[in-house]
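A quick note: this is a predicted structure, and the numbers were derived from the prediction, not measured.
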Amino acid sequence: MNNIYDIEVKTIGGQLVKLDKYKGEVILVVNTASKCGYTPQFEGLQKLYNKYNKKGFVVLGFPCNDFKQELKKAKDAKAFCQLNYGVEFPIFDMVSVNGKNQSELFKFLKNEKKNSFFMKRINWNFNKFLIDSNGNVVARYGTTTEPKKIENRIKELIEEKNAK
């Protein structure tokens with residue numbers, strides 16, 4: 001894959017969606033889990049989505065059971081997020097973020113943002129990848145980074161996008 005827009009992901013209904021659908025938007029991709037100590041981050045993610053969605057920002061959630069903390073079906077995970085955290089941002093089908101069955105999206109994201117701290121592996125739920133409006137992976141945030149701590153960087157990327 002040359003860029004994120006070449007990647008297809010699967011909706012909960014099983015349809016393939018090419019990520020070029022989000023071309024021109026600032027994107028935050030998150031591997032999520034419904035039964036994790038960090039699950040309350042859904043609230044902060046939704047706040048960011050509410051505040052900046054009309055300005056060209058989207059959160060894309062990908063349920064993941066690699067760490068055995070997600071419900072069995074993505075549709076149940078989505079329902080849980082909507083009911084408990086009011087999540088309205090797109091939630092996609094279940095993915096694997098590591099190993100031989102990892103999704104193309106997370107393989108691409110990890111390859112784009114590897115460094116001595118993160119390496120090429122995702123170690124837990126709620127890793128966050130920030131992508132600018134040109135499709136460049138500009139930052140990777142670990143599990144413990146609260147969504148509100150990413151807000152200033154999101155604002156900067158939206159302002160850069162709108163200045164063009």
Participant: Any side-chain heavy-atom pair from Ile4 and Leu109 closer than 4.5 angstrom?
Facilitator: yes
Participant: Show your reasoning for whether side chain to side chain contact (heavy atoms under 4.5 Å, CB included) applies to Phe62 and Val9.
Facilitator: CA-CA 10 Å; Phe62 291 86; Val9 294; 3.8 Å; yes
Participant: Quick one: does any side-chain atom of Asn152 pair with a main-chain N or O of Lys155 as donor and acceptor, under 3.5 Å?
Facilitator: no
Participant: Would you say Ser34 and Glu70 are linked by a side-chain donor-acceptor pair, where the criterion is simply a distance under 3.5 Å?
Facilitator: yes
Participant: How long is the straight-line distance from CZ of Phe57 back to CG of Asn50, given to the nearest 0.5 Å?
Facilitator: 10.5 Å
Participant: Determine yes or no for a side-chain-to-main-chain donor-acceptor pair under 3.5 angstrom, with Asp66 supplying the side chain and Val97 the backbone.
Facilitator: yes
Participant: Give the minimum heavy-atom separation between Lys35 and Leu71, together with the two atoms involved.
Facilitator: CD-CD2, 4.0 Å
Participant: Please give me the minimum heavy-atom distance between Val138 and Leu157, naming the atom from each residue.
Facilitator: CG2-CD1, 3.7 Å
Participant: Could you tell me which non-hydrogen atom of Phe89 sits nearest to which non-hydrogen atom of Val59, and how far apart they are?
Facilitator: CB-O, 3.4 Å
Participant: Ignoring hydrogens and geometry, is there a side-chain-to-backbone donor-acceptor pair from Lys55 to Ile158 under 3.5 Å?
Facilitator: no
Participant: Can Ile122 be reached from Met94 by stepping across I, L, V, M, F, W or Y side chains whose heavy atoms are under 4.5 Å apart?
Facilitator: no
Participant: Starting at CG of Leu105, measure out to CG of Leu19 and round the result to the nearest 0.5 Å.
Facilitator: 6.0 Å
Participant: Picking from Val137, Leu130, Leu60, what satisfies side chain to side chain contact (heavy atoms under 4.5 Å, CB included) with Ile27?
Facilitator: Leu60
Participant: For the residue pair Phe67 and Trp124, categorise the inter-ring angle as parallel (less than 30°), tilted (30 to 60°) or perpendicular (more than 60°).
Facilitator: tilted
Participant: Donor-acceptor pair, Thr32 side chain versus Thr39 backbone, under 3.5 Å?
Facilitator: no
Participant: Just verifying a value: how many Å separate Asn125 CG and Cys36 SG, rounded to the nearest 0.5 Å?
Facilitator: 4.5 Å
Participant: What are the two closest heavy atoms between Tyr5 and Asp132, and how far apart are they?
Facilitator: OH-O, 4.0 Å
Participant: What distance do Leu28 atom CG and Tyr52 atom OH have between them, rounded to the nearest 0.5 Å?
Facilitator: 12.5 Å
Participant: Do Thr143 and Asn127 have a side chain donor and acceptor closer than 3.5 Å?
Facilitator: yes
Participant: Check this for me, if you would: do Lys47 and Glu43 make a salt bridge, where the nitrogen-to-carboxylate-oxygen distance has to be below 4.0 angstrom?
Facilitator: yes
Participant: Got a salt bridge between Glu104 and Lys107, using NZ or NE/NH1/NH2 to carboxylate O under 4.0 Å?
Facilitator: yes
Participant: Give, for atom CD1 of Ile131 and atom NZ of Lys23, the distance between the pair rounded to the nearest 0.5 Å.
Facilitator: 14.0 Å
Participant: Give the intermediate values and the outcome of side chain to side chain contact (heavy atoms under 4.5 Å, CB included) for residues Asn31 and Val95.
Facilitator: CA-CA 8 Å; Asn31 69 306; Val95 297; 5.5 Å; no
Participant: Which heavy atom of Pro63 sits nearest a heavy atom of Ala74, and at what distance?
Facilitator: CG-CB, 4.3 Å
Participant: Checking side-chain hydrogen bond (donor to acceptor under 3.5 Å, both in side chains) between Gln41 and each of Lys148, Lys128, Gln46, which is the one that passes?
Facilitator: Lys128
Participant: Show, in sequence, the C-alpha distance, side-chain angles and deciding distance for Lys110 and Arg140, and conclude whether the side chain to side chain contact (heavy atoms under 4.5 Å, CB included) test is met.
Facilitator: CA-CA 9 Å; Lys110 292 186 299 183; Arg140 178 177 176 181; 4.2 Å; yes
Participant: State the NZ-CG distance between Lys51 and Asn53, to the nearest 0.5 angstrom.
Facilitator: 14.0 Å
Participant: Taking the six-membered ring for Trp, are Phe126 and Phe42 ring centroids under 6.0 Å apart?
Facilitator: yes
Participant: The test is side chain to side chain contact (heavy atoms under 4.5 Å, CB included); show your working for Tyr49 and Val58 and say whether it passes.
Facilitator: CA-CA 6 Å; Tyr49 181 77; Val58 67; 3.9 Å; yes
Participant: For the residue pair Pro90 and Phe92, what are the closest heavy atoms and their distance?
Facilitator: CB-CE1, 3.7 Å
